[in-house]
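Below is one structure, written out as structure tokens; comments come after it.
Predicted, not measured: the structure shown is a model, and the values here were computed from it. Note on naming: letters A, B, ... go to the chains in the order of the sequence lines (proteins, then strands), and numbering restarts at 1 for each one.
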Number of protein chains: 2
Amino acid sequence: MGRLPAYLRAVVDLVSLGLPSVSSDRLAEETGVNPATVRRDLASLGIAGTRGLGYDLRYLIHEIGLLLGVSEDWPVVIVGAGNLGRALANYQGLAARGFPVRALLDVDPTLVGARFGQVEVLHLDEMERVVGEAGVGVGILATPADQAQLVADRLVALGVSSLLNFTEETLVVPSWVEVRRVDLATELQILSFYQRRTTGARSGAGLPLGHESNP
Amino acid sequence: MGRLPAYLRAVVDLVSLGLPSVSSDRLAEETGVNPATVRRDLASLGIAGTRGLGYDLRYLIHEIGLLLGVSEDWPVVIVGAGNLGRALANYQGLAARGFPVRALLDVDPTLVGARFGQVEVLHLDEMERVVGEAGVGVGILATPADQAQLVADRLVALGVSSLLNFTEETLVVPSWVEVRRVDLATELQILSFYQRRTTGARSGAGLPLGHESNP
DNA sequence: CAGTGTGAATTTCTTCACAGCG
DNA sequence: CGCTGTGAAGAAATTCACACTG
């Protein structure tokens, strides 16, 4: 569920403020969600609060962290050591949040052997070995679009069950594989579409625009 | 609406296949959406099809493109010329999709003056000038987290009304400003959460997991 | 007759509002 | 008495199913 990471972030912030617990109201305010929604979310996750007090922050972190798999490591490989791949490899937040980068892979011989962040660039041919040895379950695709499907197929064949796709390619994968696409241009399009709505786009009433924040 | 970019992508693909028109069924299949939803979306956008035939692809592209503002340019600035900022500046898909990068800004004197892609790194102090001159309406934040709010404030003061936030900071902005956050770790958390669901997480029935594809 | 457009049914999500607990 | 937990109401989104049309 998309709100969980937001809850976790907020809760981590709050605990670092020295607070021992948090009310649904506060957590709601912190995340921009309705308080009732917060309570229902937590309740339905099996997380109980204390009436009159709120939710214990350490317990919240523990539980949500558990749900999000933060407690264990999910080793990842990044395929494609172009600018994007290198940026991702350098991103410290990854390992910090439980996603250690086990390899940065590319086919370009001028890149193989170079280091970015903590990671050395390996040749793509090493993928099979690295994925197997490191127990990688997540693949990050930062290749040229026309290579993405190919790489995805190889990763899937190795049992990698989560793919984060930074390319423009739409991936075809078995149903047990989770794919999320991160596309800068799509994000920007959505932004500009929202923006445009404030001006005179013929609306038509019925398309769920998924906008509007707190009324 | 979040499905529009998907429609646009699919439609562009289909037209490049030489097809003249597309049925809601096909478009649905292509985007993983329900056919009725496709029809309702398009109808509510004022896009009409032809009974027995489908939707004219060129017309679809034109209309959806219009809605997404593809026809006009939305100049952007990228703040932060670290690895991520440089990767984004290098990303050709941006300009190609109507988001020309007008500036890459940083405070680091060793970076100012360097070129990445088509863009030269300017000092952050030039922001006011560039944004004004280029009519920038979108800011991309690729700064260290602790700088993000500061930069966001300055951008907002300049009238920038869309922000794409790659930092871990939660931005506080006036209501007329649209913010979207892109956070790698969050994406990965969501992925791993989905993955985990297949194993034995106590579910509790009620948390909208937003998963399940075509039934 | 293939395929749209849309009422109506259904499902899903959110929010209200309040009983009841610590 | 502050705040949870949740039934019930409401809103929104999705999907069905079918009349209708090019």
Side-chain angles (χ1 to χ4, degrees), chain A residues 1-4 6-7 10-11 14 19-60 63-64 190 193-194 197 202-215, chain B residues 1-4 6-7 10-11 14 19-57 59-60 63-64 190 194 197 202-215:
Chain A
M1 187 285 248
R3 278 180 303 248
L4 270 185
Y7 291 153
V11 160
L14 289 167
L19 302 180
S21 65
V22 64
S23 69
S24 57
D25 276 28
R26 180 71 192 275
L27 194 46
E29 189 189 318
E30 216 68 37
T31 54
V33 175
N34 179 291
T37 303
V38 170
R39 291 200 294 279
R40 203 173 284 281
D41 281 352
L42 295 182
S44 79
L45 288 169
I47 298 174
T50 311
R51 290 166 194 248
L53 251 180
Y55 300 85
D56 182 82
L57 277 175
R58 303 220 176 261
Y59 179 61
L60 260 189
E63 284 299 304
I64 299 182
I190 293 173
F193 180 61
Y194 283 159
R197 283 222 310 142
R202 54 203 165 316
S203 102
L207 224 201
L209 295 160
H211 205 29
E212 265 74 80
S213 8
N214 9 4
Chain B
M1 188 284 249
R3 279 182 301 250
L4 270 184
Y7 291 153
V11 160
L14 289 168
L19 301 181
S21 64
V22 64
S23 69
S24 56
D25 275 30
R26 179 71 191 275
L27 194 47
E29 189 189 319
E30 215 69 36
T31 53
V33 174
N34 179 291
T37 301
V38 170
R39 292 200 293 278
R40 204 173 282 282
D41 281 352
L42 295 182
S44 80
L45 288 170
I47 298 175
T50 311
R51 288 164 194 247
L53 250 179
Y55 300 86
D56 182 83
L57 277 175
Y59 180 60
L60 261 189
E63 285 299 305
I64 299 182
I190 294 173
Y194 283 158
R197 283 223 309 143
R202 53 205 165 314
S203 101
L207 224 199
L209 295 159
H211 204 30
E212 263 75 81
S213 10
N214 11 1

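- One can place CG of B:D41 at 12 Å from C1' of D:dT15, the figure rounded to the nearest angstrom.
- Looking only at side-chain heavy atoms (C-beta outward), B:D25 and B:R39 come within less than 4.5 Å of each other.
- In plain terms, the two heavy atoms of A:A6 and A:T31 that are nearest each other are O-CG2, 3.8 Å.
- Out of C:dT15, D:dT4, D:dT15, the shortest distance to the side chain of B:A36 is found at D:dT15.
- Counting heavy atoms from C-beta on, the side chains of B:D41 and B:R3 come closer than 4.5 Å.
- The distance between atom CG of B:L4 and atom P of D:dA13, rounded to the nearest whole Å, is 14 Å.
- As a whole-Å value, the separation of A:D25 CG from D:dG5 P is 13 Å.
- Between B:R3 and D:dA13, a side-chain N or O to OP1/OP2 separation shorter than 4.0 Å is absent.
- Counting any heavy atom pair closer than 4.0 Å across all strands shown, B:S23 reaches sugar-phosphate atoms only and no base atom.
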**Study point:** Verdict with supporting geometry, B:Y55 and B:R26, side-chain contact (heavy atoms from CB on, under 4.5 Å)
**Key:** CA-CA 10 Å; B:Y55 300 86; B:R26 179 71 191 275; over 6 Å; no
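- The closest side-chain heavy-atom distance from B:L45 to B:E63 is not below 4.5 Å.
- For the pair B:L42 and A:V33, both in contact range of DNA chain C, the more 5′-proximal nearest nucleotide belongs to B:L42.
- Look at CD1 on B:I47: it is 14 Å from P on C:dT6, rounded to the nearest Å.
- Across all their heavy atoms, A:D56 and A:P20 have their closest contact at OD1-O, 3.7 Å.
- Contact detail for A:S24 and A:P35: the closest heavy-atom pair is CB-O, 4.0 Å.
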Pairs under 3.5 angstrom, nitrogen or oxygen only, protein versus nucleotides 8-10 of chain D, please.
unit_1 : atom_1 : unit_2 : atom_2 : d
D:dA8  : N6     : A:R40  : NH2    : 3.3

Under 3.5 Å between N/O atoms: give me all the protein pairs with nucleotides 18-22 of chain D, atom names plus distance.
unit_1 : atom_1 : unit_2 : atom_2 : d
D:dC20 : O2     : B:R51  : NH1    : 3.3

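- You'll find the side chain of A:V11 reaches within 4.5 Å of the side chain of A:L27, heavy atoms only.
- Note on A:Y55: every side-chain N or O is 4.0 Å or more away from OP1 and OP2 of D:dG2.
- In terms of phosphate contacts, B:S24 brings a side-chain nitrogen or oxygen within less than 4.0 Å of OP1 or OP2 of C:dT4.
- A:L45 places its CG atom 13 Å from the P atom of D:dT6, with the value rounded to the nearest Å.
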Review point. Given B:Y7 and B:L60, is the side-chain contact (heavy atoms from CB on, under 4.5 Å) satisfied, shown in steps?
Key: CA-CA 9 Å; B:Y7 291 153; B:L60 261 189; over 6 Å; no
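- In plain terms, the two heavy atoms of B:L57 and B:L19 that are nearest each other are CD1-O, 3.2 Å.
- Taking only side-chain nitrogens and oxygens, B:T37 never comes nearer than 4.0 Å to OP1 or OP2 of D:dT14.
- B:L27 places its CG atom 16 Å from the C1' atom of C:dG5, with the value rounded to the nearest Å.
- Following rounding to the nearest Å, A:N34 (CG) and D:dA12 (P) show an atom-to-atom distance of 14 Å.
- Put simply, CG on B:L53 is 11 Å from C1' on C:dT4, counting in whole angstrom units.
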